[in-house]
Student: 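Here you go, one structure.
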Amino acid sequence: MAVNLLLGLQWGDEGKGKIVDVLTKDYNIIARFQGGPNAGHTLEFDGIKHVLHTIPSGIFHDKAINLVGNGVVIDPVIFKKELDNLNKFNLDYKSKLLISRKAHLILPTHRILDAASEASKGKAKIGSTLKGIGPTYMDKTGRNGIRVGDLELNDWKERYRALANKHEAMIDFYDSKIEYDLVELENEFFEAVKVLKTLTFIDSEEYLHQAQKEGKTILAEGAQGSLLDIDFGTYPFVTSSNTTAAGACTGLGIAPNKIKDVFGIFKAYTTRVGSGPFPTELFDQDGETMAQVGHEFGATTGRPRRCGWLDLVALKYAVHVNGVTKLMMMKGDVLSGFKTLKICTAYKYQGKTITHLPYNIEPENVTPVYTEMKGWSEDLTGMTDPSQLPKELNEYISFLEKELETPITIVSVGPDRTQTIHR
Ligand code: GDP
Ligand code: IMO
Ligand code: MG
């Protein structure tokens, strides 16, 4: 009877989708707890790459139930596209995909508002994925939102109309000159809602409560990363939900004392997509190599990801905020061939050397202090057992475990399901 959490410790894209897929065989239920189609979770097996945005990453397994929790925001249009993709693989998802009635819906006008808001910010834009995430969570906390459960009520289209009209006035307010054809967008939206309604809507908190009583195992899947958390991330360059461990409690209705392990995933280096501070960002050949070897392009938007050395100050902060019990290090294979590896262990900040994440990590405020380690040259991608890992990689891992006071239990050496070393 355990609920475990899996979440990203950096700025997203750590490899959550891959690891959820790897771990699913040990769980009865995989439950997404926040975010929406701003996420792009990639998994690979049998030579095929799948990208999921809203659907939990356990969907390709036969038995596990996949639940979209109340903390998630759903765009029916993107959800339908995800289902269409599953259909291509003849996947029978109907019996194993459940949706919380309390999850909020992303309307076409939320997406336009997102674009208008970003356009109005000019250089200060967040670099949002333009999926309507911010405006939808604003309507949620503003108590205006439309939820999945509302689709079962007769008057939902009137409520939709009232909210969309309000959004149109807000879009005009931005004076952003964004062109859109709302009739076309709405046709697509209503068609997609019809498809969404063919799935099973549930009172998910009650479902999960019963599941726990029956001794079922639950893995909560996070989206984005801890440094994108609305409270603890690099505000305002963050997403609009709590991506940290507490978000799993509010996003699923799971009590804090029911959570056992918190799996924290990080890349052996750091990436970030979108705007905002990134102290260890590289603008040289090393960063270029990470981007190329690691294929660092966003799974949702295709934008190039910014790359840099591992930032242990930020990682430690994420381990603390989440109460991580087990770490999983991804993309170690990408660092093969670097003669020297750098790890940021402190910041120079206002004339002092500090080892905690300060309020403001803009480049003019912090300069990273690096520890250097010897790199390894071996190709890791065919390795399957910890005994095969090069000595220098083991030293890299031991250094991190000591600094983070947490064991690294998985070392991932490639995108495929099988390229996963358990320690
Ligand atoms: P998520 O959002 O956390 O699920 O991560 P993404 O799917 O957005 O980005 C991770 C990318 O790295 C995907 O393209 C994965 O296929 C890939 N990937 C995951 N683990 C590894 C690994 O250990 N090595 C390499 N080379 N690629 C990996
Ligand atoms: P996964 O789950 C990486 C970033 C965006 C932008 C900021 C706000 O795949 O790790 P939003 O659309 O949420 O308003 O954008 O957050 N962002 C992500 N970056 N991975 C993600 O998800 C992200 N989801 C949002 O690039 O900087
Ligand atoms: Mg991603």
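No experiment lies behind these values; they were computed from the predicted model shown. Just follow the structure's listing: the first ligand is 1, and inside any ligand the first atom is 1.
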Student: Checking a contact table here: which protein heavy atom is nearest atom 4 (C) of ligand 2, and how many Å away?
Tutor: Leu228 CD1, 3.9 Å
Student: Against heavy atoms of Gly17, which atoms of ligand 1 measure under 4.0 Å?
Tutor: 4 (O)
Student: So, Arg303 and Glu296, do they make that salt bridge, N to O below 4.0 Å?
Tutor: no
Student: Please confirm whether Lys16 comes within less than 3.5 Å of ligand 2 when only nitrogen or oxygen atoms on both sides are compared.
Tutor: yes
Student: So which protein heavy atom does atom 10 (C) of ligand 1 come closest to, and at what separation?
Tutor: Asp13 O, 3.6 Å
Student: Which residue and atom name correspond to the protein heavy atom nearest atom 15 (O) of ligand 2, and how close is it?
Tutor: Ser128 CA, 3.4 Å
Student: Closer than 4.0 angstrom: is that true for some heavy atom of Gly127 and an atom of ligand 2?
Tutor: yes
Student: At what distance is the nearest protein heavy atom to atom 2 (O) of ligand 1, and which residue and atom is it?
Tutor: Gly40 O, 2.8 Å
Student: Going by the closest heavy atom to atom 8 (C) of ligand 2, which one wins out of Val273, Thr129, Val238?
Tutor: Val238
Student: With a 4.0 Å cut-off on heavy atoms, is Ala39 touching ligand 1?
Tutor: no
Student: Are the side chains of Ile218 and Asn4 in contact, using a 4.5 Å heavy-atom criterion?
Tutor: no
Student: Give the C-alpha distance, both sets of side-chain angles, the deciding distance and a yes or no for side chain to side chain donor-acceptor pair (under 3.5 Å) between Trp11 and Thr271.
Tutor: CA-CA 7 Å; Trp11 279 288; Thr271 64; over 6 Å; no
Student: Does Phe338 have its ring centroid less than 6.0 Å away from the ring centroid of Trp376?
Tutor: no
Student: Where does Val413 meet ligand 1, judged by heavy-atom distances below 4.0 Å: at the side chain, the backbone, both, or neither?
Tutor: backbone
Student: At a 4.0 Å threshold, what atoms of ligand 2 neighbour a non-hydrogen atom of Ala223?
Tutor: 2 (O)
Student: Please determine whether the number of non-hydrogen atoms from other residues, nucleotides or ligands lying under 6.0 Å from atom CD of Glu184 exceeds 12.
Tutor: no
Student: Which of the numbered atoms in ligand 2 are below 4.0 angstrom from a heavy atom of Trp11?
Tutor: 3 (C), 19 (N)
Student: What is the name of the N/O/S atom of Asp13 that is nearest to the Mg ion (ligand 3)?
Tutor: OD1
Student: Any Lys/Arg nitrogen of Glu392 or Lys339 sitting under 4.0 Å from an Asp/Glu carboxylate oxygen of the other?
Tutor: no
Student: State whether the shortest distance between N or O atoms of Gly15 and N or O atoms of ligand 1 falls below 3.5 angstrom.
Tutor: yes
Student: Side chains of Asn38 and Gln224: is there a donor and an acceptor less than 3.5 Å apart?
Tutor: yes
Student: Is the closest heavy-atom distance from Arg303 to ligand 2 below 4.0 Å?
Tutor: yes
Student: Does any N, O or S atom of Gly40, backbone or side chain, fall under 2.8 Å from the Mg ion (ligand 3)?
Tutor: yes
Student: What atoms of ligand 1 come closer than 4.0 angstrom to any heavy atom of Ser412?
Tutor: 20 (N), 21 (C), 22 (C), 23 (O)
Student: Looking at ligand 2, is there an atom of it that comes within less than 4.0 Å of some heavy atom belonging to Gly8?
Tutor: no
Student: Please confirm whether His41 and His53 have ring centers closer than 6.0 angstrom.
Tutor: no
Student: Taking the six-membered ring of Phe278 (Phe, Tyr or Trp), confirm whether the NZ or CZ of Arg306 is under 6.0 Å from its centre and within 45° of its axis.
Tutor: no
Student: Is it the case that the side chains of His61 and Asn66 hold a donor-acceptor pair, with the cut-off being a distance below 3.5 Å and no angle test?
Tutor: no
Student: Under 3.5 Å, is there a donor-acceptor pair between the Asp75 and Thr54 side chains?
Tutor: no
Student: Under a 4.0 Å heavy-atom limit, does Asp333 contact ligand 1 with its side chain, its backbone, both, or neither?
Tutor: side chain
Student: Ignoring hydrogens and geometry beyond distance, is a side-chain donor-acceptor pair present between His104 and Thr136 at under 3.5 Å?
Tutor: no
Student: More than 12 heavy atoms of other residues, nucleotides or ligands under 6.0 Å from CD of Glu405: is that the case?
Tutor: no
Student: Please answer whether the main-chain N or O of Asn144 pairs with a side-chain N or O of Asp139 as donor and acceptor at a distance below 3.5 Å.
Tutor: no
Student: To which of Asn38, Ile421, Thr42 does the heavy atom nearest atom 15 (C) of ligand 1 belong?
Tutor: Thr42
Student: Are Met329 and Glu14 packed together at the side-chain level, in the sense that at least one heavy-atom pair is separated by less than 4.5 angstrom?
Tutor: no
Student: Between atom CG of Leu196 and atom CG of Leu105, what is the distance when rounded to the nearest 0.5 Å?
Tutor: 7.0 Å
Student: Please say whether Asn38 places an N or O atom under 3.5 Å from an N or O atom belonging to ligand 2.
Tutor: yes
Student: Indicate whether any N or O donor in one side chain lies under 3.5 Å from an N or O acceptor in the other, for Asp261 and Thr325.
Tutor: yes
Student: In this structure, does ligand 1 have an atom that sits under 4.0 Å from one of the heavy atoms of Arg417?
Tutor: no
Student: Give the atoms of ligand 2, by number and element, whose distance to some non-hydrogen atom of Thr239 is under 4.0 Å.
Tutor: 11 (P), 13 (O)
Student: Which residue from Met330, Arg305, His41, Glu14 reaches closest to atom 9 (O) of ligand 1 through any of its heavy atoms?
Tutor: Arg305
Student: Who's closest to atom 1 (P) of ligand 1 heavy-atom-wise, of His50, Met329, Lys16?
Tutor: Lys16
Student: Anything under 30° is parallel, anything over 60° is perpendicular, the rest tilted; go ahead and classify His50 against Phe60.
Tutor: tilted
Student: Suppose we measure from atom 27 (N) of ligand 1 to each protein heavy atom; which comes out shortest, and what is that distance?
Tutor: Lys331 CE, 3.2 Å
Student: Tell me the nearest of Gly8, Pro415, Ser336 to atom 18 (N) of ligand 1, using heavy-atom distances.
Tutor: Pro415
Student: Report, in ascending order of atom number, the atoms of ligand 1 lying under 4.0 Å from any heavy atom of Lys18.
Tutor: 20 (N)
Student: Among His53, Glu14, Gln224, which residue places a heavy atom closest to atom 23 (C) of ligand 2?
Tutor: Gln224
Student: Under 3.5 Å between any N/O of His41 and any N/O of ligand 2: does that happen in this structure?
Tutor: yes
Student: Quick check: does Gly414 get an N/O under 3.5 Å from an N/O on ligand 1?
Tutor: yes
Student: Who's the nearest protein heavy-atom neighbour of atom 20 (N) of ligand 2, and how far?
Tutor: Asp13 OD1, 3.1 Å
